[in-house]
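Notes to accompany the following structure.
By convention in this document, chain letters (A, B, ...) are assigned in the order of the sequence lines, proteins followed by strands, and residues within each chain are numbered from 1.
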Number of protein chains: 2
Amino acid sequence: MDILSENNRLAEWNRGYFEGKKIVCFNMVSSPGSGKTTILEQTIRTLTSSNKIFVIEGDQQTTRDADRIEKAGAPAIQINTGSGCHLDAKMIQTALKKIEVENQSILFIENVGNLVCPALFDLGEKKRVLVISVTEGDDKPLKYPYMFKSADLCIINKTDLLPYVDFKVETVMNSARQLNPALEFILMSAKTADGMAEWYEWLGKQ
Amino acid sequence: MDILSENNRLAEWNRGYFEGKKIVCFNMVSSPGSGKTTILEQTIRTLTSSNKIFVIEGDQQTTRDADRIEKAGAPAIQINTGSGCHLDAKMIQTALKKIEVENQSILFIENVGNLVCPALFDLGEKKRVLVISVTEGDDKPLKYPYMFKSADLCIINKTDLLPYVDFKVETVMNSARQLNPALEFILMSAKTADGMAEWYEWLGKQ
């Protein structure tokens, strides 16, 4: 796997850069449409008065998410992957050379919406945050094990929709913990702000 | 792109095989958890008395979907892609040599849940059916243009959840049609069976 070993090498460069500048970097991964951008918008609005926040946005096309992030109040750089299905460490390195992420800031990388390929690509992040929504079905850990194995935190989002869907939170937690016993969970509804306090607390600990 | 040209060559083999046996093949693509398997279960229960139906199931892991399909009454073969993010024409060719799909039957291929990579891989199908759910957000065509460009039919699923989410059907249709003017649409709730009659009619026309 030459691509992956080259990626891992560049991820170390990123990790060194973050360490050098005391930047804490989170890689946000999920299916398409599970609510990453909405979570980030709320997070920026709440935390930006006391923290410097930067965002790198990955999408196949459009600068739509970067525009939303900038409107929420954080500098954002958009990476369009074209037909590509994930961000890799080289793209992050290139972005880091373009925007000057300030010392001691928080950097969120919003990956391409894809539960498969981004699992394999270390970007040099401190923690990987997996967002799933309750509308996606509770069999996702079994079907996308690499992503659940590689994550540090799993946000179960859109809990406001739980009354309308067949989704057992316990089923997800149990099967995900079999793959990854250290995985942490936060139940969230970015729409009603449930779980956001817990999320800020988790971020604070990092 | 050597991988893609090799894939296109093998997709032609598949297309020839389907033509030779009068098999009509549909490639079902979507995000994780948008409801492909539920649609197929219902379709099999309804159409299997008058049609021979076979299913090839793609997932990173588990035979969960193949088990659901077999329970619904159709022979299924599961392809586990491991860390792979899509089915390719070679996997389909290999599966076709393993299960004997009968002459004049319908073959559904349920691709790995991923809006990105499967867009690039022709499997030799007659039509590509894209399923999106109303919980995924109405910006998906702009953000995943390759998939919307490559599809023949777009099923907008889980319409029973429309009252609880911010999703404008018109927005999706307009932006998808800009990418792909020939794209057809069916609004569906596999849960309440809305739109299923229209889907069976569409299948019948193929």
State whether the side chain of A:Asn14 and the backbone N or O of A:Gly124 hold a donor-acceptor pair below 3.5 Å, judged by distance alone. no

With respect to chain A, which residue among B:Asp59, B:Asn80, B:Val112, B:Ile132 yields the maximal number of heavy-atom pairs within a distance under 4.5 Å? B:Asp59

Most heavy-atom pairs under 4.5 angstrom with chain B, which of A:Gly113, A:Ser133, A:Ser34, A:Gly137? A:Gly113

Are the ring centres of B:Trp202 and B:Phe26 closer than 6.0 Å? yes

Taking every non-hydrogen pair under 4.5 Å, which of B:Cys117, B:Pro32, B:Ser31, B:Gly82 racks up the most with chain A? B:Pro32

For chain B, the option from A:Asp65, A:Asp160, A:Thr81 that forms the most heavy-atom pairs under 4.5 Å: A:Asp65

For side-chain contact (heavy atoms from CB on, under 4.5 Å), just list the numbers for A:Met188 and A:Ile39, CA-CA rounded to whole Å, side-chain angles, deciding distance to a tenth of an Å, and then say yes or no. CA-CA 9 Å; A:Met188 186 182 287; A:Ile39 293 171; 3.7 Å; yes

B:Thr63 versus B:Gln78, side-chain donor and acceptor atoms under 3.5 Å: no

Within 45 degrees of the axis of the six-membered ring of A:Trp199 and under 6.0 Å from its centre: does A:Lys205 put its NZ or CZ there? no

Contact list (residues 138-148 of chain B to chain A, heavy-atom gap under 4.5 Å, by number) returns B:Asp139, B:Lys140, B:Leu142, B:Lys143, B:Tyr144, B:Pro145, B:Tyr146

Is the shortest heavy-atom distance from the side chain of B:Val129 to the side chain of B:Ile155 under 4.5 Å? yes

Side-chain donor or acceptor of B:Gln42 paired with backbone N/O of B:Ala190 under 3.5 Å: yes

Donor-acceptor pairs are to be reported for all side-chain atoms of residues 162-169 of chain A against protein atoms at under 3.5 Å, with residues two or more places apart or in another chain.
none

